[in-house]
Amino acid sequence: MSAPSKFAHIVYRTHRYDEMIDWYVKVFDAKVQNRTDQLAFLTYDEEHHRFAFFNLGPLEGEETPRDPQASGVHHVAYTWDTIDDLLDQYKHMKSLGCAPTFCVRHGPTLSTYFDDPDGNGIEFQVDLVTVDEANDFMLSDAFHQNPIGEVFDPEALIEARAAGKDVTEMVLRSDQDVPTGGIAAS
């Protein structure tokens, strides 16, 4: 058996059909490839579609908030090339009125988390170290003791970048060694 060559797309079932499509178009600068009353396909790159939305129709009655302890997908993650790209996405989200639910220095990555209109978790991340360094860190005692990481303030990071400061200590965890080649996403 062989592994897949890439991740292709994700499909969401939703009672907020128009709102979800609008949100993903704005957040990802996506293009609607095809849309009917039942199904919509969007992409943000050369792939024919990265998102699809299945219209469940209007919700009858009150929608109960999603139980954070219920089983299901926690979040879907997307990677940016540089710290500045990630911060630009954070600023874009802020301009749309979307506040992050969590901002964390995981070690291998620096990540911001948001919820879409249906409450699906979306992670925007940047890789800070090489694949080998990430694998080594995930096998370390530090990662075993704290597999989540440490919170960070994206506003403070934006200010530091604008001032030309070295942000190594702001993006790496306090229990993490500085990679020999420096931060991969600088």
Side-chain angles (χ1 to χ4, degrees), residues 3-106 108-128 134 148-149 151-158 161-162 171 185:
S5 60
K6 66 180 178 178
F7 177 80
H9 62 266
I10 187 164
V11 179
Y12 293 104
R13 295 181 307 244
T14 183
H15 290 287
R16 294 180 178 90
Y17 189 62
D18 295 329
E19 188 178 352
M20 288 285 283
I21 293 167
D22 185 54
W23 193 86
Y24 279 81
V25 164
K26 288 177 182 173
V27 167
F28 287 91
D29 194 25
K31 176 176 78 169
V32 176
Q33 294 285 81
N34 188 287
R35 180 178 178 166
T36 68
D37 291 340
Q38 199 66 47
L39 205 53
F41 300 91
L42 284 68
T43 190
Y44 55 78
D45 62 7
E46 73 285 343
E47 186 73 14
H48 47 82
H49 73 286
R50 291 295 183 181
F51 310 109
F53 300 93
F54 182 73
N55 189 356
L56 296 175
L59 186 66
E60 296 186 22
E62 294 275 326
E63 182 172 19
T64 57
R66 186 176 286 183
D67 179 355
Q69 299 303 313
S71 62
V73 174
H74 184 269
H75 69 271
V76 179
Y78 299 89
T79 302
W80 267 252
D81 289 332
T82 69
I83 293 169
D84 290 329
D85 291 341
L86 179 69
L87 294 175
D88 285 345
Q89 183 64 21
Y90 165 81
K91 291 185 270 189
H92 176 64
M93 297 300 290
K94 187 176 174 182
S95 77
L96 296 174
C98 298
T101 58
F102 193 53
C103 298
V104 64
R105 304 180 296 179
H106 287 299
T109 65
L110 184 70
S111 302
T112 57
Y113 292 82
F114 296 85
D115 287 339
D116 73 12
D118 273 344
N120 300 302
I122 307 292
E123 176 184 2
F124 299 135
Q125 70 176 31
V126 63
D127 292 324
L128 298 173
I148 302 299
V151 298
F152 78 95
D153 178 2
E155 294 293 334
L157 186 55
I158 289 168
R161 291 295 280 189
V171 299

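Just so we're clear, the structure is a prediction, and the values are computed from it rather than from any experiment.
At least one side-chain heavy atom of F54 sits less than 4.5 Å from a side-chain heavy atom of Q38. Residues Y12 and V76 meet the side-chain proximity criterion, which asks for heavy atoms closer than 4.5 Å. Residues W23 and I122 are in side-chain contact: their nearest non-hydrogen atoms beyond the backbone lie under 4.5 Å apart. The closest side-chain heavy-atom distance from D116 to F114 is not below 4.5 Å. Taking the side chain as every heavy atom from C-beta outward, D115 and H75 never approach each other to under 4.5 Å. Residues V171 and V126 fail the side-chain proximity criterion, which asks for heavy atoms closer than 4.5 Å.
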Q. After noting the C-alpha distance and the side-chain angles of V73 and I10, does the key distance pass the side-chain contact (heavy atoms from CB on, under 4.5 Å) rule?
A. CA-CA 11 Å; V73 174; I10 187 164; 5.5 Å; no
Q | Stepwise ring-ring contact (aromatic ring centres under 6.0 Å, His included) check, F7 with Y78 | A | CA-CA 11 Å; F7 177 80; Y78 299 89; 8.0 Å; no
Q: Check the pair T112 / L87 against side-chain contact (heavy atoms from CB on, under 4.5 Å), numbers first and verdict last.
A: CA-CA 9 Å; T112 57; L87 294 175; over 6 Å; no
Q. Step by step, would you call F51 with V25 a side-chain contact (heavy atoms from CB on, under 4.5 Å)?
A. CA-CA 10 Å; F51 310 109; V25 164; over 6 Å; no
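Minimum heavy-atom separation, E47 to A8: CG-O, 4.3 Å. The shortest non-hydrogen separation linking I21 to A40 is CD1-CB, 3.5 Å. Summarising the geometry of Y90 relative to P100, their closest heavy-atom pair is CE1-CG, 3.9 Å, with the distance given to 0.1 Å. Pairing each heavy atom of E155 with each of K94, the nearest pair is OE2-NZ, 2.8 Å. Closest heavy-atom contact between G57 and H15: O-ND1, 2.9 Å. Minimum interatomic distance between H106 and S111 (heavy atoms only, all atoms of both residues): CD2-OG, 3.2 Å.
Using cut-offs of 30° and 60° on the angle between ring planes, the pair F102 and Y113 is tilted. Below 30°, between 30° and 60°, or above 60°: for F28 and F124 the angle between ring planes is above 60°, a perpendicular geometry.
Taken from CG in D29 to CG in L42, the straight-line distance is 11.0 Å, to the nearest 0.5 Å. Taken to the nearest 0.5 Å, the CG atom of D84 stands 9.5 Å off from the CD1 atom of I158.
Within the 3.5 Å criterion, the main-chain N or O of F41 finds no donor-acceptor partner in the side chain of Q33. Distance alone, capped at 3.5 Å, places no donor-acceptor pair between the Q125 side chain and the T79 backbone. Counting only distance, with no hydrogens or angles, the side chain of H49 and the backbone of T43 share no donor-acceptor pair below 3.5 Å. Counting only distance, with no hydrogens or angles, the side chain of Y17 and the backbone of P58 share no donor-acceptor pair below 3.5 Å. Checking side-chain atoms of R13 against main-chain N and O of N55 turns up no donor-acceptor pair under 3.5 Å. A distance-only check finds no donor-acceptor pair linking the side chain of D118 to the backbone of N120 [under 3.5 Å].
Taking a 6.0 Å sphere around CG of D45, one finds it holds more than 12 heavy atoms contributed by other residues, nucleotides or ligands.
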